[in-house]
Amino acid sequence: VDFVDEHYYKPPEWFYDNAGRYDGYDRKGPKVYAGEYASHHKTRANNFETALSEAAFLTGVERNADVVRLATYAPLFAHVDAWQWRPDMIWFDNSRVLLTPNYYVQQLYSHHKGTHTLRLTENGEPVNGREDLYASAVYDADSSRIIVKIVNTAAVRQEVVLRFDGLKRRQALQDRAPIIYLQADDKEAVNTFKEPEAIVPQMSVAEVSGKECRLTLSPQSFQVITLCFQIIFEIIYYEKTFLFALFGRMYVYNECTRCGDGGGSPFAGYTEDQPSYLRAVCRASGNLYLWWIMGRRGVAYSQYQRVSYR
């Protein structure tokens, strides 16, 4: 058997208790397709408690992505006047669409899924419910970002320190990390057609110092923290040719300053008469670009090529 199709229609408590379900799974056994799942509150409402419990459970699914290859919330759609099953991710009537808190959990995982799982532990163990915290981490090679997801199910704020060990010498983290989070003081809160944005993703920022990121987790919240790297970009002028050395797995932004005399571009004014060895340092953020150098005398930098360094 290549895949086992598992279905979970369980209370929120089951999703919290099973966040570590696949941590000890036999890696030589069949893979898992979580073909249908949804947290079922006793009222069958798409309330915040069900969304928070699903977010907690999905940290374990993401942490064990080598086992759980696919996962599908179900059902997807329901008409407010003609439904057969509750809960459902998206409700609609003849003219409007209502996005539930459960939808936003799925959206945040989908938009921040990464390409490689990272080991995230507390005292050597996965973070799967101890002290009301659940967490997972991934690295996205396509954008060179570390993405950490944390669920705080406690009714109080919690202070957390993320420490990133194993970074290479040139993998310095940027000093600010954007956060997208879902939070509600009332676990039974829901989105309605009268208040469709009662529970929607919010934005904040965390400070990063060296290899540490200190967080204050809001009570009853799901947070997605994105950390980017600072990039060193070296330009060498040798025998009328510009050579490039790019350290790290990232794009390079066209917001550089060079060592030496002024100039808006790190290449402005450089000609064959300049010293044969030049350096520029570039710090990166957002969508990033690599300068495409043209010509033998000076530099024509009006033409760019977007590249992904591997």
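Small disclaimer: the values here were computed from a predicted structure and weren't measured. Only heavy atoms go into these numbers, but all of them, side chains included; no hydrogens, no water, no symmetry mates.
Using a 4.5 Å cut-off on side-chain heavy atoms (C-beta onward), Leu227 and Val208 make contact. Within the 4.5 Å cutoff, side-chain heavy atoms of Leu217 are placed close to those of Leu133. For the pair Glu49/Glu13, a side-chain contact is recorded, criterion being any heavy-atom separation below 4.5 Å from C-beta on. A 4.5 Å side-chain heavy-atom check between Thr100 and Val190 finds every atom pair outside the cut-off.
Atom CG of Leu173 and atom CD1 of Ile146 lie 5.5 Å apart (nearest 0.5 Å). Considering NZ of Lys42 and CG of Asn47, their distance stands at 10.5 Å, rounded to 0.5 Å. If you take CD on Glu122 and CZ on Arg130, they are separated by 5.0 Å, rounding to the nearest 0.5 Å. In this structure, SG on Cys213 lies 11.0 Å from CG on Asp175, to the nearest 0.5 angstrom. Taken to the nearest 0.5 Å, the CZ atom of Phe229 stands 4.5 Å off from the CD atom of Gln171. With rounding to the nearest 0.5 angstrom, the OG1 atom of Thr115 is 5.0 Å from the CG atom of Asp140.
Placement of Ile147 and Met203 within a single hydrophobic cluster is found when ILVMFWY residues are connected by side-chain heavy-atom separations under 4.5 Å, directly or transitively. Ile180 and Val105 fall within a single hydrophobic cluster, where Ile, Leu, Val, Met, Phe, Trp and Tyr are joined by side-chain heavy atoms under 4.5 Å apart, directly or via other members. In the hydrophobic clustering of ILVMFWY residues, with side-chain heavy atoms under 4.5 Å counting as a link, Val32 and Tyr109 come out together. When the side chains of ILVMFWY residues are joined at heavy-atom separations under 4.5 Å, either directly or via intervening members, Leu52 and Ile179 end up in two distinct hydrophobic clusters. If you chain together hydrophobic residues whose side chains sit under 4.5 Å apart, Val138 and Tyr181 never meet in one group.
Annotation: side-chain hydrogen bond (donor to acceptor under 3.5 Å, both in side chains) contacts involving residues 185-202, sequence neighbours excluded, comprise Gln183-Asp185.
For the ring pair (Phe, Tyr, Trp, His ring centres under 6.0 Å) test, residues two or more places apart in sequence or in another chain that qualify with His40 are Tyr9, Trp85. Annotation: side-chain contact (heavy atoms from CB on, under 4.5 Å) contacts of Pro30 (sequence neighbours excluded): Val1, Val4, Tyr25. Remark: Asp17 engages no residue in a salt bridge (Lys or Arg N to Asp or Glu O under 4.0 Å) (not counting sequence neighbours). Annotation: ring pair (Phe, Tyr, Trp, His ring centres under 6.0 Å) contacts of His79 (sequence neighbours excluded): Phe92. By the side-chain contact (heavy atoms from CB on, under 4.5 Å) test, His7 pairs with Asp5, Glu36, sequence neighbours left out. The ring pair (Phe, Tyr, Trp, His ring centres under 6.0 Å) test applied to Tyr104 returns no partner, not counting sequence neighbours. In terms of the ring pair (Phe, Tyr, Trp, His ring centres under 6.0 Å) criterion, Phe77 has no residue partners (sequence neighbours excluded). With sequence neighbours excluded, no residue forms a side chain to side chain donor-acceptor pair (under 3.5 Å) with Thr226.
Open room surrounds CG on Asp2; 12 or fewer heavy atoms of other groups in view lie less than 6.0 Å from it. The environment of Arg119 atom CZ is sparse: at most 12 non-hydrogen atoms of other residues, nucleotides or ligands sit within 6.0 angstrom. For CZ of Arg176, the number of neighbouring non-hydrogen atoms (other residues, nucleotides, ligands) closer than 6.0 Å is 12 at most.
In the hydrophobic clustering (ILVMFWY side chains linked at under 4.5 Å, chained through shared members), Phe193 is joined by Val80, Trp83, Trp91, Leu98.
There is a side-chain donor-acceptor pair under 3.5 Å between Tyr8 and Glu6.
The aromatic rings of Phe15 and Tyr37 lie tilted to each other, with the angle between the two planes from 30° to 60°.
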Under 3.5 Å, which donor-acceptor pairs do the side chains of residues 154-167 form with other protein atoms, sequence neighbours left out?
{"from": "Gln158", "atom 1": "NE2", "to": "Glu131", "atom 2": "O", "distance (Å)": "2.9"}
{"from": "Gln158", "atom 1": "NE2", "to": "Asn152", "atom 2": "OD1", "distance (Å)": "2.9"}
{"from": "Glu159", "atom 1": "OE1", "to": "Thr216", "atom 2": "OG1", "distance (Å)": "2.9"}
{"from": "Glu159", "atom 1": "OE2", "to": "Thr216", "atom 2": "OG1", "distance (Å)": "3.1"}
{"from": "Arg163", "atom 1": "NE", "to": "Asp165", "atom 2": "OD1", "distance (Å)": "3.0"}

Pair up each side-chain donor or acceptor in residues 55-74 with any protein partner under 3.5 Å, not counting sequence neighbours, and list the distances.
{"from": "Thr59", "atom 1": "OG1", "to": "Ala56", "atom 2": "O", "distance (Å)": "2.5"}
{"from": "Glu62", "atom 1": "OE1", "to": "Ser136", "atom 2": "OG", "distance (Å)": "2.6"}
{"from": "Glu62", "atom 1": "OE1", "to": "Lys149", "atom 2": "NZ", "distance (Å)": "3.3"}
{"from": "Glu62", "atom 1": "OE2", "to": "Lys149", "atom 2": "NZ", "distance (Å)": "2.8"}
{"from": "Arg63", "atom 1": "NE", "to": "Asp23", "atom 2": "OD1", "distance (Å)": "3.0"}
{"from": "Arg63", "atom 1": "NH1", "to": "Ala135", "atom 2": "O", "distance (Å)": "3.0"}
{"from": "Arg63", "atom 1": "NH2", "to": "Ala19", "atom 2": "O", "distance (Å)": "3.3"}
{"from": "Arg63", "atom 1": "NH2", "to": "Asp23", "atom 2": "OD1", "distance (Å)": "3.4"}
{"from": "Arg63", "atom 1": "NH2", "to": "Asp23", "atom 2": "OD2", "distance (Å)": "3.2"}
{"from": "Asn64", "atom 1": "OD1", "to": "Arg27", "atom 2": "NH2", "distance (Å)": "2.6"}
{"from": "Asn64", "atom 1": "ND2", "to": "Asp23", "atom 2": "OD1", "distance (Å)": "2.8"}
{"from": "Asn64", "atom 1": "ND2", "to": "Gly60", "atom 2": "O", "distance (Å)": "2.9"}
{"from": "Asp66", "atom 1": "OD1", "to": "Arg27", "atom 2": "NH2", "distance (Å)": "3.2"}
{"from": "Asp66", "atom 1": "OD2", "to": "Arg27", "atom 2": "NE", "distance (Å)": "2.9"}
{"from": "Arg69", "atom 1": "NE", "to": "Asp66", "atom 2": "O", "distance (Å)": "3.1"}
{"from": "Thr72", "atom 1": "OG1", "to": "Tyr33", "atom 2": "OH", "distance (Å)": "3.3"}
{"from": "Tyr73", "atom 1": "OH", "to": "Asn46", "atom 2": "ND2", "distance (Å)": "3.4"}

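Between the side chain of Ser110 and the main chain of Gln106, no donor-acceptor pair closer than 3.5 Å is present. Side chain of Ser221 to backbone of Ser218: a donor-acceptor contact under 3.5 angstrom is found. Side chain of Gln230 to backbone of Ala172: no donor-acceptor contact under 3.5 angstrom is found. Although no hydrogens or angles enter the test, the distance criterion places no donor-acceptor pair under 3.5 Å between the side chain of Thr153 and the main chain of Gln220.
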